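Quick notes on the structure that follows.
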Amino acid sequence: MAFSPDGRLLATASADKMARLWDPATGEHLRTLTGHTSAVNGVAFSPDGRLLATASADGTARIWDAVTGQQRAALGPGRVSQAGRWPGHNGSVVGVAFSSDGRLLATASADGTARLWDPATGYYLRILTGHTSAVNGVAFSPDGPLLATASADKTARLWDPATGEHLRTLTGHTSEVNGVAFSPDGRPLATASADGTARIWDLAPAER
């Protein structure tokens with residue numbers, strides 16, 4: 001689930017193939033977002049609160065107008081990029097995240113990749129490869145220059161989202177890494193793992 005940046009909306013993901021928007025102050029259900037053909041695994045608001053992204057086990061992410069509930073784009077199989085490439089994930093999409101300026105959307109998938117998209121157009125931009133198992137989560141640093149991914153291969157990785165370059169692999173967990181989160185100042189990174197631990201990583205200035 002996710003709150004909108006102003007706290008006036010709450011979005012929830014559900015195994016019934018739908019996402020829902022709520023008024024958190026009253027608990028009122030506002031609208032249901034339909035279109036996915038399998039469980040919705042995750043939701044994320046854009047920084048301005050106008051868009052909502054959803055991740056689904058149907059292999060797609062979708063972008064919605066958070067005010068009207070209308071679908072803006074489907075990101076996945078069948079969506080061809082400007083370059084004519086076939087960008088869809090080959091497995092469940094388990095997580096989504098917007099960059100701090102709202103110009104990029106990252107998706108994490110059980111197919112072992114993360115992908116970057118233009119949320120304004122729905123076009124695929126680039127693929128991040130290197131993990132050897134499912135990518136379980138994605139997070140952008142607050143100031144924009146880093147993307148972190150969490151993987152079932154027991155590692156987290158840092159990337160330059162502008163180029164797709166792999167910058168660093170964080171090792172030490174003894175089981176799959178399920179989530180990543182940056183601190184508000186963008187320097188410490190937290191990782192959560194099925195090994196029963198969370199770890200804090202101090203990122204060097206050069207990595208930021």
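Note that this is a predicted model, so its numbers are computed, not measured.
Applying the side-chain contact (heavy atoms from CB on, under 4.5 Å) criterion to A106, with sequence neighbours excluded, gives L116, V138, F140, L147. Residues forming a side-chain contact (heavy atoms from CB on, under 4.5 Å) with A120 (at least two apart in sequence, or on another chain): D118. Residues meeting the salt bridge (charged side-chain N to carboxylate O under 4.0 Å, His left out) test with D111, sequence neighbours left out: R115. Partners of T171 under the side chain to side chain donor-acceptor pair (under 3.5 Å) rule, at least two apart in sequence or in another chain, do not exist in this structure. With sequence neighbours left out, the ring pair (Phe, Tyr, Trp, His ring centres under 6.0 Å) criterion links W22 to H29. Under the side chain to side chain donor-acceptor pair (under 3.5 Å) criterion, D16 pairs with S14, R20, sequence neighbours left out.
For residues 46-72, there are no ring pair (Phe, Tyr, Trp, His ring centres under 6.0 Å) pairs, not counting sequence neighbours.
To the nearest 0.5 Å, atoms CG (L146) and CG (L189) are separated by 8.5 Å. The CG atom of D65 lies 8.5 Å from the CZ atom of R31; values are rounded to the nearest 0.5 Å. Within the model, atoms OH of Y124 and OG1 of T107 stand 9.5 Å from one another, a figure rounded to the nearest 0.5 Å.
By the 4.5 Å heavy-atom criterion applied to side chains, L128 and R157 are not counted as neighbours. With a 4.5 Å cut-off on side-chain heavy atoms, D143 and P145 count as touching.
R126 places a side-chain N or O within 3.5 Å of a backbone atom of P161 that can act as its donor or acceptor partner. The main-chain N or O of D153 is never found under 3.5 Å from a side-chain atom of T132 such that the two would form a donor-acceptor pair. Within the 3.5 Å criterion, the main-chain N or O of A39 finds a donor-acceptor partner in the side chain of S56. Judged by distance alone, the side chain of N136 and the main-chain N or O of V177 form a donor-acceptor pair under 3.5 Å.
When every heavy atom of P142 is checked against every heavy atom of G186, the shortest pair comes out as CD-CA, 3.6 Å. The shortest non-hydrogen separation linking G95 to A55 is N-CB, 3.8 Å. P5 approaches S46 most closely through the heavy-atom pair CG-O, 3.4 Å.
L30 and L10 are members of different hydrophobic clusters when ILVMFWY side chains are connected at heavy-atom separations under 4.5 Å. Under the 4.5 Å side-chain heavy-atom criterion for ILVMFWY residues, a single connected hydrophobic cluster contains both L33 and L9.
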Which pairs would a plain distance check flag for residues 66-76, meaning a side-chain donor or acceptor within less than 3.5 Å of a matching protein atom at least two apart in sequence or in another chain?
residue : atom : partner : partner atom : Å
T68     : OG1  : Q70     : N            : 3.2
Q71     : OE1  : R62     : NH1          : 2.9

task: Let me see the working for T113 and H131 under side-chain contact (heavy atoms from CB on, under 4.5 Å), right down to the final yes or no.
output: CA-CA 7 Å; T113 71; H131 284 296; over 6 Å; no

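Counting side-chain heavy-atom gaps under 4.5 Å among Ile, Leu, Val, Met, Phe, Trp and Tyr, I200 is found in no cluster with other residues.
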